[in-house]
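Accompanying notes for the structure given below.
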Amino acid sequence: MSEDTKSLNFIEHIIEEDLANGLPKEKLRFRFPPEPNGYLHIGHTKAIGISFGLGEKYNAPVNLRFDDTNPAKEEQEYVDAIKRDIAWLGYRWENELYSSDYFDKLYDWAIQMINDGRAYVDSQSSEAMAEQKGTPTQPGTNSPFRDRGVEENLDLFQRMKAGEFPAGTHVLRAKIDMEDPNMLMRDPIMYRILYAHHHRTGDEWCIYPMYDWTHGESDYIEQISHSLCSLEFKPHRKLYNWFRDHVYEYSKDKLPLPPKQREFARLNLSYTIMSKRKLLRLVEDGVVSGWDDPRMPTISGLRRRGYTPNSIREFIKKVGVAKRENVIDVSLLEFCIREDLNKTVNRVMAVLDPVKVIITNYPEDKEEWLDAENNQEDESAGFRQVPFSREIYIEKEDFKEEASNKFFRLKLGGEVRLKNAYIIKANAVTKDENGDIAEIHCTYDTDTSKKVKGTLHWVSTKHAITAEVREYDRLFMHESPDSDKDKDFMEFLNPNSLTIKTGHLEPSLMEAKAEERFQFQRLGYFVVDEDSTSDKLVFNKTVGLRDSWAKQKPKPQADQQNKPKQPQQKRSAISVIQQLGKKYTNYPEDKQAKAKAEIQELAKEVSYDELEPLFGTAVKKAGTRIAVMIALKEQLKNGLERNEEIEEFISRAIEDKNDLLVAEAKSI
């Protein structure tokens, strides 16, 4: 087997086999067929990526077809949103089509099915039909109307179309086999009476085709070569083929290619709801502000939160195409957006929980404009200027009156470096009537060559602009919020999924526009929200600099009943980092992403003295050196000063043969 063949997913193998067996390449045609009854969510991106990805791979057309057969739930708003989201992801469709385009053709085929004795009008109630359909282990029983004559069926069906009967009085059913073990084959409904205004056909129709009848025949009309759908439609394949084979006999001269249905595992994401019905409930109950609320897993919501098309497409690539259902950890999606934004967005300074610092030996009327690098990952990003003055804001959590030697931020008597500026030393504090620190009095030192362990971000109080900053967290606290049959998924809502703060930002952000993204240094990635005005900036938090949920995940516990409790010793952080490193290069991409996030979190618990001895790890142990490099990068971000040993370790890594190690080293 060639390397090219090995890299193909199972759908591509099917297509290659069909091409090898004589299917002309120019006959390849794919489609993405959403129902316009809600906004697309992250789960749909897999289906979008597969169909449009195949179109790109084989230079084949991909239709965007709306399966709009249920006017009671479908709206033009959803059509517009779906088109907007797919275009934003960077995909282009060949034709914009609708199942409603084919209502006349479907009706004509239904008439032929009646004439051939393959369909009949059933006048039972829905309850009677459900009871008579049987169970998965018991066969169904025939409808008392199953043997109606062709003329009577034609008359009733045409009168159904003419609007002569109330809804629910008659349906058209396919005549297949009420004893088939696949319950979908037990005389499925093809048409029902429904008096509802359709967003495209208006009030022209009062009978509407069912999904299973419409979907496959729409594929056939469009001459789709491979009808790709998620795994829950696998039981439908037998019915898909039954309908397809019969209409093929009616139209094979004009429509020579019968489509082939194949199924793939859908995308399931932890801490996420994928049901459009349940997402609609969140909107209607006012839990979120709308379908595009940044906490929603919709593409519109992800876009508003600051996700990029590239990050989502990369996520889909890492997830891959599988035949079995599984749940992807949401941390992989967050990893992909971090990786993308780290390379592309500018760094700026913002303080979200401020405490004032007064630099007592800095002249009161003096101000300076200092050079600040926009993005060390992008040499072309250049520099900007930030103002410095006697009074600045820093984050409250970056100061303690008393702290241990492992606290590398500001403390009384201690020194830290201000990013892009000077070194300051805390000498005294003033407090308010509640005993909270109101001001920190410091002195500054112009000798910036001094070695200090901590580096803080800051903003000049005189020049700061204010903005509303919306910090978003996961909408659900449960890893699988709709898996508990005894509880409503709404019980797992995270009460702290949205926190609104007033941020103090450097003035370079004054002209920021909607959808512009930035890294607030040491805080995370943020995007300008569409609610922003010329008078008030609004920022949404996209994602933190590291996975803050890693520590919160409950660890599975075995049944400890009747077992004596054994004292457990917690492994040191540096030991866990080494262990993760040993296996790192053998992990697939998604596990590498999770391991990297864990190492980044563990780096906060490791001292430089523990890390430095691992700089000399043997060349053949590339995984350990990668883990050390990841941890080192986190420590440098948090203020660790570079020294000769660090520079030498990075230089050696850049010259290494392992691509993963080289990439991590170059990113520092």
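Atoms CD1 and CD1, from Ile316 and Ile42 in turn, are 5.5 Å apart once rounded to the nearest 0.5 Å. Distance check: Glu479 CD to Leu269 CG gives 10.0 Å after rounding to the nearest 0.5 Å. Rounding to the nearest 0.5 Å gives a distance of 15.5 Å between CZ of Phe539 and OH of Tyr525. Here CD1 of Ile273 is found 10.0 Å from NE2 of His41. Values are rounded to the nearest 0.5 Å. Once rounded to the nearest 0.5 Å, the distance linking CG of Asn494 with OH of Tyr271 reads 10.5 Å. Once rounded to the nearest 0.5 Å, the distance linking CD of Gln519 with CG of Asn342 reads 7.0 Å.
Remark: Lys501 NZ is packed, more than 12 non-hydrogen atoms of other residues, nucleotides or ligands lying under 6.0 Å away. Heavy atoms from other residues, nucleotides or ligands lying under 6.0 Å from NZ of Lys453 number 12 at most. Other residues, nucleotides and ligands contribute at most 12 non-hydrogen atoms within 6.0 Å of the CG atom of Asn405. Remark: Lys343 NZ is loosely packed, at most 12 non-hydrogen atoms of other residues, nucleotides or ligands lying under 6.0 Å away. Annotation: Lys278, atom NZ; neighbour count of heavy atoms from other residues, nucleotides and ligands within 6.0 Å is above 12. Within a 6.0 Å radius of CG in Asp659, no more than 12 heavy atoms belonging to other residues, nucleotides or ligands are found. In Lys591, the NZ atom is not crowded: 12 or fewer heavy atoms of neighbouring residues, nucleotides or ligands sit closer than 6.0 Å. A 6.0 Å sphere centred on CD of Glu647 holds more than 12 heavy atoms belonging to other residues, nucleotides or ligands.
Glu401 approaches Val429 most closely through the heavy-atom pair OE1-CG2, 3.8 Å. Nearest heavy-atom pair across Val355 and Ala438 is CG2-O, 4.1 Å. Shown here for Ala653 and Val662, the closest heavy-atom pair between the two residues is O-CG2, 3.5 Å. Across all non-hydrogen atoms, the minimal contact from Pro495 to Met477 is CD-SD, 3.8 Å. Counting all heavy atoms, side chain and backbone alike, Pro34 lies closest to Ile82 at CG-CG2, 3.9 Å. Nearest heavy atom pair, residue Ser311 against residue Cys336, reads O-CB, 3.6 Å.
Panel note: side chain Asn374, backbone Ala381; a donor-acceptor pair is recorded below 3.5 Å. In this structure, Thr272 contributes its side chain and Ser270 its backbone to a donor-acceptor pair below 3.5 Å. Within the 3.5 Å criterion, the main-chain N or O of Thr455 finds no donor-acceptor partner in the side chain of Arg409. At least one donor-acceptor pair under 3.5 Å links the side chain of Arg517 to the backbone N or O of Tyr307. A donor-acceptor contact shorter than 3.5 Å is absent between the side chain of Asp488 and the backbone of Glu491. In this structure a side-chain-to-backbone donor-acceptor pair under 3.5 Å is missing from Glu439 to Lys356. Under the 3.5 Å distance criterion, the side-chain polar atoms of Thr344 are matched with a main-chain donor or acceptor of Asp340. Judged by distance alone, with hydrogens and angles left aside, the side-chain atoms of Arg295 form no donor-acceptor pair with the main-chain N or O of Asp473 at under 3.5 Å. A donor-acceptor pair is defined here as one N or O able to donate and one able to accept, closer than 3.5 Å; such a pair exists between the side chain of Asp329 and the backbone of Ser331. A donor-acceptor pair is defined here as one N or O able to donate and one able to accept, closer than 3.5 Å; such a pair exists between the side chain of Gln635 and the backbone of Val606.
Side-chain contact between His44 and Lys276: present, with at least one pair of heavy atoms (C-beta onward) separated by less than 4.5 Å.
Side chains of Thr443 and Thr360: no donor on one and acceptor on the other come within 3.5 Å. Side-chain polar atoms of Thr533 and Asp535 form no donor-acceptor pair below 3.5 angstrom. Counted by atom type alone, Gln592 and Tyr587 present zero donor-acceptor pairs between their side chains at under 3.5 Å. Side chains of Asn375 and Arg347: a donor on one and an acceptor on the other come within 3.5 Å. Tyr362 and Glu391 are not linked by any side-chain donor-acceptor pair at a separation below 3.5 angstrom, with hydrogens and angles left out of the test. A side-chain donor-acceptor contact under 3.5 Å links Lys633 and Ser667. For the residue pair Asp292 / Thr298, no side-chain donor-acceptor distance below 3.5 Å is found, with atom types taken as modelled. One side chain, Asp447 or Ser449, offers a donor N or O that lies under 3.5 Å from an acceptor on the other.
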*For Glu515 and Arg303, what are the C-alpha separation, side-chain angles and deciding distance, and is it a salt bridge (charged side-chain N to carboxylate O under 4.0 Å, His left out)?*
CA-CA 8 Å; Glu515 293 198 28; Arg303 177 180 184 175; 3.2 Å; yes
*asked:* For Glu516 and Lys513: C-alpha separation, side-chain torsions, deciding distance, then whether salt bridge (charged side-chain N to carboxylate O under 4.0 Å, His left out) applies.
replied: CA-CA 6 Å; Glu516 276 194 84; Lys513 305 298 182 188; over 6 Å; no
_Steps toward side chain to side chain contact (heavy atoms under 4.5 Å, CB included) verdict (Leu545, Arg338)_ = CA-CA 7 Å; Leu545 295 178; Arg338 283 192 196 96; 5.6 Å; no
*salt bridge (charged side-chain N to carboxylate O under 4.0 Å, His left out) between Asp371 and Arg384, worked out*: CA-CA 6 Å; Asp371 286 334; Arg384 69 189 186 287; over 6 Å; no
*With salt bridge (charged side-chain N to carboxylate O under 4.0 Å, His left out) as the test, would you mind laying out the steps for Glu334 and Arg474 before giving the verdict?*
CA-CA 11 Å; Glu334 294 169 348; Arg474 295 177 188 176; 3.0 Å; yes
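Salt bridge Lys451/Glu415: absent, no basic N to carboxylate O contact under 4.0 Å. At a threshold of 4.0 Å, the pair Arg546-Glu634 counts as salt-bridged, since one of the basic side-chain nitrogens sits closer than that to a carboxylate oxygen. Ion pairing between Arg304 and Asp529 holds under the 4.0 Å rule for side-chain N and carboxylate O. The existence of a salt bridge linking Lys431 and Asp436 is excluded, since no basic side-chain nitrogen approaches an acidic carboxylate oxygen closer than 4.0 Å. In summary, Lys594 and Glu589 do not engage in a salt bridge, as defined by a charged side-chain N under 4.0 Å from a carboxylate O. Salt bridge Glu655/Arg652: absent, no basic N to carboxylate O contact under 4.0 Å. Here Lys536 does not pair with Asp531 in a salt bridge; the nearest charged N to carboxylate O distance is not below 4.0 Å. Ion pairing of Lys419 with Glu373 is absent here, as no side-chain N (NZ or NE/NH1/NH2) approaches a carboxylate O to less than 4.0 Å. Ionic pairing of Arg281 and Glu284 is not present here: no N-O contact between side-chain nitrogen and carboxylate oxygen is shorter than 4.0 angstrom.
A ring-centre distance under 6.0 Å is not found for Trp369 and Phe388.
By the 6.0 Å and 45° rule, Arg625 does not stack over the aromatic ring of Tyr584. Judged by a 6.0 Å distance limit and a 45° cone about the ring axis, Lys411 is not positioned over the six-membered ring of Phe399.
A ring-ring contact (aromatic ring centres under 6.0 Å, His included) with Phe526 is found for exactly one of Phe518, Phe520, Tyr472, namely Phe520.
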